[in-house]
There are 6 protein chains.
Amino acid sequence: MASQILVIVSLLAISCSLAAAGIEPGPLQDFCVADPASSACRDPKLVKPDNFFSGGFNVPGNTSNPSGSSVTSASVAQIPGLNTLGLTLIRFDFAHGGLVTLHIHPRASEILTVLEGSLLVGFVSSSPENRLFSKVLEQGDVFVFPIGLAHFLSNVGNGTAAAIASLNSQNPGFIAIPSNIFGTSPPIGDDVLAKAYNVDKSIVEKLKAQFHS
Amino acid sequence: MASQILVIVSLLAISCSLAAAGIEPGPLQDFCVADPASSACRDPKLVKPDNFFSGGFNVPGNTSNPSGSSVTSASVAQIPGLNTLGLTLIRFDFAHGGLVTLHIHPRASEILTVLEGSLLVGFVSSSPENRLFSKVLEQGDVFVFPIGLAHFLSNVGNGTAAAIASLNSQNPGFIAIPSNIFGTSPPIGDDVLAKAYNVDKSIVEKLKAQFHS
Amino acid sequence: MASQILVIVSLLAISCSLAAAGIEPGPLQDFCVADPASSACRDPKLVKPDNFFSGGFNVPGNTSNPSGSSVTSASVAQIPGLNTLGLTLIRFDFAHGGLVTLHIHPRASEILTVLEGSLLVGFVSSSPENRLFSKVLEQGDVFVFPIGLAHFLSNVGNGTAAAIASLNSQNPGFIAIPSNIFGTSPPIGDDVLAKAYNVDKSIVEKLKAQFHS
Amino acid sequence: MASQILVIVSLLAISCSLAAAGIEPGPLQDFCVADPASSACRDPKLVKPDNFFSGGFNVPGNTSNPSGSSVTSASVAQIPGLNTLGLTLIRFDFAHGGLVTLHIHPRASEILTVLEGSLLVGFVSSSPENRLFSKVLEQGDVFVFPIGLAHFLSNVGNGTAAAIASLNSQNPGFIAIPSNIFGTSPPIGDDVLAKAYNVDKSIVEKLKAQFHS
Amino acid sequence: MASQILVIVSLLAISCSLAAAGIEPGPLQDFCVADPASSACRDPKLVKPDNFFSGGFNVPGNTSNPSGSSVTSASVAQIPGLNTLGLTLIRFDFAHGGLVTLHIHPRASEILTVLEGSLLVGFVSSSPENRLFSKVLEQGDVFVFPIGLAHFLSNVGNGTAAAIASLNSQNPGFIAIPSNIFGTSPPIGDDVLAKAYNVDKSIVEKLKAQFHS
Amino acid sequence: MASQILVIVSLLAISCSLAAAGIEPGPLQDFCVADPASSACRDPKLVKPDNFFSGGFNVPGNTSNPSGSSVTSASVAQIPGLNTLGLTLIRFDFAHGGLVTLHIHPRASEILTVLEGSLLVGFVSSSPENRLFSKVLEQGDVFVFPIGLAHFLSNVGNGTAAAIASLNSQNPGFIAIPSNIFGTSPPIGDDVLAKAYNVDKSIVEKLKAQFHS
C-alpha cells in the first residue's frame, strides 16, 4: 500500500509534460527517454537498450502514391531514447519519376546520402534572394539542406532511388509548400492568393483543387 | 560619388560583422555595436547614443507598387547598436487592397500592432497540418506570427492601413513564398513544379512568368 | 464571481506553464499555447486564432498616479500563444512630466518607438563604467535599450506622450531600481545602505520612507 | 522510518524536477526553486533565504577509502535554489597520496582552487590528440578543466590536501573512466576490451576484477 | 617599460577576442585559448598548461579603501584558457565593517563560499516584487545569488572576512547600483532622479556628490 | 584599382575567425560557407551548389589496420557549407572482427544505421553509474549514442560490415579512451595510473606500451 502511494506521488511529481518545455532540448542528463505513461523522463533505472533502437531502415517504403515517393522516419516517436538528443533519421524511397515535394523544415538542417539511383535535389536561399542551389546526385553522394530553406528531391534516373537523411532536431517540422498554401483548412481567400501569385482567380481555384477534397 | 562608395563599404563591413559570427548572437558584453571598419565590436568607449537610434518610423512608406504595400526596417543595418541584441523593428504600410505576400521568417517570431485600418492576417501551421489561423485586425489589435510559419497581411479596409511589428532576431530572414518557388534563379524545372502543384506545365509557366523578367 | 475565480485559476495555471520550464523557451514545435488547465502546451488541434490575439493597444493607459505614467503589457498572460516564442509587447503612456522610473529588464533587450510627444530616454552601461547614453526622442523615433542595463523614460514635452516597445523574452522581468533597493521587504539595513550610498542614515531613512508604507 | 520515506520521496521529486525539463536550464524567471512536491518551480512567494543556502564546506570529507580522497557536493540536491542557475560547487579532500581518479564531466567546465597541500592535476585534449596538460598546484593556485575532457587530481605533497571547485552546470555528470569501462554492468566483453587495449584477455580480466565484486 | 606596453597590447587583444564573438560562448572545440596576437583561438598546438593557470588566490586583497573591501578576479584576462568556457572566479576580502556594495551581474549567477569571518549577504527579487533574501553566513557556508538580481555582502563580524565565488560567464558584468545611477557620466538629470526617488533635488545632489569628483 | 581596394577592405573587415567564435554555431543567416581565404563566411553571392556537396560515401574505407575498421567523415572540412549548421556525417567500415574502439564525442549525439553485416554496439551511462546498454544490430537497424557517453562498435558477423552515422555538431570531437589515457604525450605518471586502475605498475607499463612508440 505504502509503495503504491509512493508510485503515485512520484508520477504526479513528474507530470510536467515534455511538451511543456516547448524548447529544443539539449540534455541535462545522460538521456531522458520519453515515457509513454507521463511527460517526464522515464526512470533511468528502467531504461533498456531497445529504447535507443529501431529496425527496418533497409526496407523500401511504399511509393504507390501520386508523388511516387515515401518518407520513413526514426524520430522520438519510434526511438524514445532520442528525446532531448536533437536528431531525427529519415529514409526516402522514390518510384521512377517520384518527387518529394518542395518543403521546409523550420527547426533543422538536413544531411542527405544517396543509397541508390539519381536524384535531382535543390534548395532556394532567401539571401541572395531566390537563388536555386541544385545538383544531380548519384549513389554515395552527400548533400546538405540548410535549416529553414525550401528544398525538393526528384528521381531523375531510369529506375527507383533511395536515400537516407539526418536532421538535427527531434522535431524538425515539415511544411509542404504547395499544400501549406493551396490546401489549408480553412482555405486562404482567393483574393489573397490571386494577388500573391499575380494570376486570375481561376488559376488559384485550379491550384486549390489539387489539395482540397 | 565618394559618399556612395563609402556607403557600399560600410554596408559590406556591417553585413560581415554579422556574418562573421555565423550565429544568433546573445550578448557577452553590454553591447557590441557593429563596426563598419572591422568585423569586431566597435570600441565601447567610442559608442554614442545615436548608435542605438533611428528616426522616421512615423512616415508611411511608398506603396505605389504592384503589391500596394511597403516594408520599412530598423534592423542592425540602420541601428548598429542592435548587433547581438536579437531584435528587428518593421513598419508596414498598405494602399487600399494592398498585400504583404505569403512569406516565412526562418529565424524569428513576430508580434504585430495595427496603427490604422483593417488588416486580414493569417498564418498556417505544419502540425496540425496546413491549418490556417486568421483574423481581421483593427486599430490597436495585436497578433503573433510564430517563427518559421507562412503568413500574410492583407488590407481589407476601405482606406490605407499601417502596422508596426517586432521580430526577435537581428536577421529574421524573409522568404516570399511565391517568388521563392516560381521566381528562382536559375528556375526550378517545370517537371518538378508541375508534379509538385499537380498542374499542367502551361500553368507552371504562367506562374513563373509573374516572377521572372 | 465565477468568472473572476476562473481568471485567477487560469493565471495560476499559466504561470505554472511558464515556471515549469524554468528556461527561456525556444520552440520545439510550431507553437505551444499556454494551457490554463495544465502546465503543458494546449492540444494543438484545439488552438484558435484568438490565442494569438489581444486588443486595445491604441487605448492610452491611466496616468493618474504619482509617476504620471502607465505601462500596458501584451505578454503570455494576455496572449497565451506567445508562450515559448520569446516576445513581449508594451505600451507606455505619460502625463505631462510623467516618468517611467529607472529600471532593469534582466532577461530582455527592448526596442522603443515613440507614438507621440517628446521623451528623454537613457540607459547606463557597466563597461564603460557608468556611461549614460541618452537622447530626446520625438514621434517616429526608435531607440534600443540593451539587455540588463538600467534605463528610464521621461516625458519632457509640453503635453502627453506615448510609446510602444518590444522585448525579446516572454518574461523580461522588471527591477525598479529605487524601490528594489529602498522599498524591499524586509528592508535592507540602514548600515548597508548608508555605507553603499555614503550618506547619513537620516537620508537613507528619508529614501526608504518613499517606498514603504 | 517515516522520515526516511520522506527523504526518498523528496529526492525522487527533486530529481524529476530537473529531469522533467530535459535540458540545461537557463532561467526564465528570477529563480525556480526545485519543489519536492512537484516538478514545477516552488511557488515564489514561499521561497526562503535558506533555499539558496548550504553549510559545512569548511569540513573535510572522509578520505578513509581506497582512493584516499573524498568529494563533497553542493548541487541542486543540497541547494534547491540552484535549479536552473547552472552551477555546482564541489569540495575535494585528499589523504596523503590520495587520488581523484581519471574522470570526465560531460556537461560542465570546472575551475579549481587549492585550499591546502600540493596537487598534481592534468587533463587530456582530443585535438591535439591525446595531449596531456598537467601542473603541480600549491595553495591559492587556480586551474581550469575544459568541458568534456578527461582529468585527474593527485595529492603529491607530504600531508593532506584540499581544494574547492565550481562547475557550470547543475548536473555536470561524472564518468570515472576506469570503472566506466572495466566496471560496467553488464560487463563489456573481453573480446572488445582485449582488442581495444591490445592486450591479452588475462590482463583485461585482472582490470575488470578491480571494479567488479 | 616594454613589459607594460606588452600588457596593454595583450589586454586589448584579449578584449577583442571576447568582443569579436559578441556572444556568450559555449565551446565548439576542446578549448579556445584567447590569443593576444589576434581575435581567434590560439593555435591549439601552442597551448600550454599555464594557459589554464593562475596563482595567488590565497593572498588577501587590499581593503584600505572607503568600502573596506576588495575583489580579486580570475577571469579570461588572467586565465586565457577560460575563453569560451563560461566561468569566472572571484575572491572577496573585507576589513572590519567592509561592504561589497549593492550590484548586479547581468550575465551570470554566483555561488559563494565563506573562507573566514561573518558575512551578511542578501539579494532582492523582482518577482515577488522587491523581496529581500538575506542571511548571515559563517565559515564554510555557501550561498547563491541568481543571475540579474541586486545583491550585497557586508562584513558583520568582529574581524576581517574573506570569501570565494564562482560565476557562470567569462564576462559576468558588474553594475554597482549606487554609482550606476548617481555617478554616471554625463549625470542623469536632477529632474529625473528627484522624481524617481521622490525626494528634493538637494538630496539628489548630495547623493550625486558621493560618486562624482 | 578602386575595385581591388574594395576587395581588400572587405577581406580585412571579415578577418575575424570562425574559430574566434569558439561556440557551437546556430545560423544567423541562410548559410555561412567556410571560406578558405579568411575566417568569415564566404560572400553569399559566390556560394555554389558544390559547397554543399561531397561524394564517395558508397566506397568502403581501408580496414587493413590493427583495429580492422575505418572511419570516413563528411564534416565542414569536406563540405564547407556545413559550417554553422551543426551536422557531421560518418561512414564506418569493418573487416571481419574489426572494432571501432571505446570513444566519446564530447559535443554530439550520434544516430547509426547499419548498411551491412552484424555489429555489436554499446554505450555506458554515468547515471545509472556504469550501466552498459548494448545490442547486436543487423542491416537496417538504427541505434542512438547519447552525447558525452563512451561507446564502441564491434563487427561480430562472419564477414565485413558497414554503417553510416550522423552527429549533431560540426565538430563532435573524438576521445579514444584507451589512447586518451595510456597514450598521452607526455605520459600520465605510472603512480596515477596504477592507483586509478588499482593494478601494478608493470601492467600500466604494458598498457602504455600499446599506445606509445
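Residue numbering restarts at 1 for every chain, and letters A, B, ... go by the order of the sequence lines. Computed over heavy atoms, backbone and side chain alike; hydrogens, waters and symmetry mates excluded.
Of the atoms belonging to C:Q78, not a single heavy atom falls under 4.5 Å from chain B. Looking at C:V47, both its backbone and its side chain come within 4.5 Å of chain B, counting heavy atoms on both sides. With a 4.5 Å cut-off on non-hydrogen atoms, B:I111 touches chain C through its backbone and its side chain both. The part of B:S134 that comes within reach of chain C is its backbone (N, CA, C, O), which places non-hydrogen atoms under 4.5 angstrom from that chain. Of the atoms belonging to B:E138, not a single heavy atom falls under 4.5 Å from chain C. Using a 4.5 Å cut-off between heavy atoms, C:F53 touches chain B through backbone and side chain atoms alike. Contacts of B:R131 with chain C are made by side-chain atoms alone, with heavy-atom separations under 4.5 Å and no backbone atom involved.
There is no side-chain donor-acceptor pair under 3.5 Å between C:S169 and C:N171. For C:S75 and C:S73, the side-chain atoms include no donor-acceptor pair closer than 3.5 Å.
Taking both residues in full, the closest heavy atoms of C:C32 and C:T84 are given as CB-CG2, 3.6 Å, listed atom of the first, atom of the second, then distance.
Ranked by heavy-atom pairs under 4.5 Å with chain B, the first of C:S126, C:G56, C:A165 is C:S126. Highest contact tally toward chain B, considering only C:L82, C:T88, C:V114, is held by C:L82 [criterion: heavy-atom pairs under 4.5 Å]. Your options are C:I79, C:V142, C:V144, and the one with the most heavy-atom pairs under 4.5 Å with chain B is C:V142. Contact count versus chain C (heavy atoms, under 4.5 Å) is highest, among B:S127, B:A108, B:A74, B:G81, for B:S127. The greatest number of non-hydrogen atom pairs below 4.5 Å with chain B, out of C:S125, C:G148, C:S109, is found for C:S109. Ranked by heavy-atom pairs under 4.5 Å with chain C, the first of B:P44, B:S166, B:P128, B:S54 is B:S54.
Remark: of the listed residues C:F174, C:F92, C:F152, C:F174 is the sole one forming a ring pair (Phe, Tyr, Trp, His ring centres under 6.0 Å) with C:H103.
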With ring pair (Phe, Tyr, Trp, His ring centres under 6.0 Å) as the test, would you mind laying out the steps for B:F31 and C:F133 before giving the verdict?
CA-CA 12 Å; B:F31 41 69; C:F133 295 81; 5.5 Å; yes
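Remark: the backbone N or O of C:G86 is not paired with any side-chain donor or acceptor of C:N168 at under 3.5 angstrom. Remark: side-chain polar atoms of C:E110 are not paired, donor with acceptor, to backbone N or O of C:L167 under 3.5 angstrom.
Checked against the 6.0 Å centroid criterion, the rings of C:H151 and C:F123 do not qualify as a close aromatic pair.
Within the 4.5 Å cutoff, the side chain of B:F94 has no heavy atoms near those of the B:T63 side chain.
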